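Scroll down for the structure; my scribbles are underneath it.
Just so you know, these numbers come straight off a predicted model, no measurement behind them.
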Amino acid sequence: MTGDLSLIFSPARMQSAGTGPLYVKLRRTLEEAVRAGTLKQGDALPPERDIAEYAAVSRVTVRKAIDNLVTDGLLVRRHGSGTFVSKPVSKVEQKLSQLTSFTEDMARRGMKARSQWLHKGIHTPSPDEMMILGLAADTKVSRLSRLRIADDQPLAIEHASVSGEFLPDPSVVAASLYAELEKRHVRPVRAVQRISATNMKEADAELLGVSAGAAGLSIERISYLASGRAVEFTRSLYRGDAYDFVAELTIGPS
C-alpha cells in the first residue's frame, strides 16, 4: 500500500495536475484518485506528514488541500481517527416555490425518507417563539427536533416549533408534521424562508456525517395559515454538499 500511496502523491503526479498553487494541484490529485477508484469510499488517508513527504510539499499545503476537500464533502475528518474518503452524495434539488414536507418531497423523487427523532416536548415559549408565532407568555409550544434521512443518507437537522393550540401533543407526530397538522385542519398554505450559508459545528457535523466546519445551509421558515396566522417556526441545517435550492424567476412589469 505504501508504494501505491507514493505513486498517488508523487511529485510527477502533482506536476501533471495542471497549473496553479501547489495546494490546488494536490487537491486535483486527490480528486482524480477518488474518481479513478484508487482511493475508495471509507479509505483512510495517510497522515499529513506522510503526504507532504510523498508529494515533496509542506504540511501547510497538504492541510489546505485537505481542508478544501473536507468543505466540499469529498473527505471527512473523524476526531481521533483521521481523514477518510466520504460516501458519495447525490444532490437533491428543492424548488423554493413549493411548500411541501420533507417526506412528500423525497417521495416525489423516489427516495425513502425517514427521521431519527432527537426531541419531542411541550415547553414555555422562548421570546422568539412568542414573537413569531404570536404566543402569550403563559401558553405552551410544541418543539420537535429530528435528523432527516433519505435513502439512508442524513441530509438535515430540523427544529420545529408549533403553538400548543395547534399541536397539544407532539408525541402523536409520526413521519410527517404536515400530515398531522392537516388532520387538525391547520396545515400551512404559504411560508417565508430565509437561507444563509454557515459552517457545521462539531455536534451537528457528527449527526450529518460530515466534518466540523463543513459547508451547510441554515434555513429559517415561518409558515402561515390562510388567515395569515403563523402556525410553524422551523430552523433547519442542511448539508451544503447534498442540497440545492432552486428558484424560478420571471420578468415582472417594467
Side-chain angles (χ1 to χ4, degrees), residues 1-14 16-17 22-57 59-93 102 106 109-118 146-158 198-217 237-244:
M1 186 64 178
T2 302
D4 292 338
L5 291 174
S6 64
L7 289 175
I8 292 172
F9 301 111
S10 69
R13 184 68 62 87
M14 290 273 291
S16 66
L22 286 174
Y23 82 89
V24 172
K25 291 184 178 183
L26 181 56
R27 174 198 167 110
R28 290 175 188 149
T29 300
L30 281 163
E31 287 176 318
E32 179 57 34
V34 172
R35 282 196 297 268
T38 310
L39 290 173
K40 298 179 176 63
Q41 176 192 337
D43 281 353
L45 262 61
E48 291 178 4
R49 64 178 178 274
D50 291 350
I51 297 176
E53 184 177 344
Y54 294 142
V57 297
R59 290 183 64 177
V60 172
T61 295
V62 175
R63 172 58 62 92
K64 192 168 183 180
I66 290 176
D67 283 348
N68 272 232
L69 293 173
V70 166
T71 299
D72 287 350
L74 189 70
L75 302 177
V76 59
R77 284 194 179 99
R78 296 175 188 160
H79 185 68
S81 299
T83 304
F84 298 82
V85 179
S86 62
K87 180 180 179 180
V89 177
S90 298
K91 281 237 178 186
V92 174
E93 285 192 357
F102 181 87
M106 294 303 106
R109 291 171 169 79
M111 301 173 74
K112 185 178 180 181
R114 63 183 178 89
S115 296
Q116 177 183 322
W117 287 102
L118 306 174
R146 51 189 162 172
L147 178 65
R148 294 298 216 164
I149 301 166
D151 286 351
D152 295 323
Q153 180 68 57
L155 292 182
I157 301 168
E158 182 182 276
T198 189
N199 294 107
M200 299 281 185
K201 294 181 180 177
E202 188 169 350
D204 294 330
E206 185 174 351
L207 283 173
L208 291 171
V210 298
S211 296
L217 294 171
L237 178 63
Y238 284 82
R239 287 179 56 158
D241 64 338
Y243 240 85
D244 280 333

> Picking from Val76, Leu75, Leu69, what satisfies side chain to side chain contact (heavy atoms under 4.5 Å, CB included) with Thr83?
Replying inline: Leu75
>> Under a 4.0 Å threshold between the charged nitrogen and the carboxylate oxygen, would Glu32 count as salt-bridged to Arg28?
In response: no
> For Asp204, which residues count as a side-chain hydrogen bond (donor to acceptor under 3.5 Å, both in side chains) partner, sequence neighbours excluded?
Replying inline: none
> Got a sec, which residues hit side-chain contact (heavy atoms from CB on, under 4.5 Å) with Glu53, two or more places apart in sequence or on another chain?
Replying inline: none
>> For a 4.5 angstrom cut-off between non-hydrogen side-chain atoms, does Ile66 reach Arg77?
In response: yes
>> So which atom in Val62 and which in Leu26 form the shortest heavy-atom distance, rounded to 0.1 Å?
In response: CA-CD2, 3.7 Å
>> For a quick test of reading the model, state the closest non-hydrogen atom pair linking Leu208 to Pro154 and the distance between them.
In response: O-CG, 3.6 Å
> Who pairs with Val34 by side-chain contact (heavy atoms from CB on, under 4.5 Å), at least two apart in sequence or on another chain?
Replying inline: Leu39, Leu74, Val85
> Partners of Thr61 by side-chain hydrogen bond (donor to acceptor under 3.5 Å, both in side chains), sequence neighbours excluded?
Replying inline: Ser58
> How long is the span from the CZ atom in Arg239 to the CG atom in Leu207, to the nearest 0.5 Å?
Replying inline: 12.0 Å
> How far apart are the closest heavy atoms of Gln116 and Ile149, and which atoms are they?
Replying inline: CB-CD1, 4.3 Å
>> Which heavy atom of Met200 sits nearest to which heavy atom of Ala205, and what is that distance?
In response: CB-CB, 3.8 Å
> Under the side-chain contact (heavy atoms from CB on, under 4.5 Å) test, which residues partner Ala215, sequence neighbours left out?
Replying inline: Thr71
> How many angstroms lie between atom CD of Gln41 and atom CG of Asp43, to the nearest 0.5 angstrom?
Replying inline: 9.5 Å
> At their closest point, which heavy atom of Phe84 faces which heavy atom of Ala44, and how far apart are they?
Replying inline: CE2-CB, 3.5 Å
> Mind checking what makes side-chain hydrogen bond (donor to acceptor under 3.5 Å, both in side chains) contact with Arg59, not counting sequence neighbours?
Replying inline: none
> Between CD of Glu158 and CG of Leu147, what distance do you get to the nearest 0.5 Å?
Replying inline: 10.5 Å
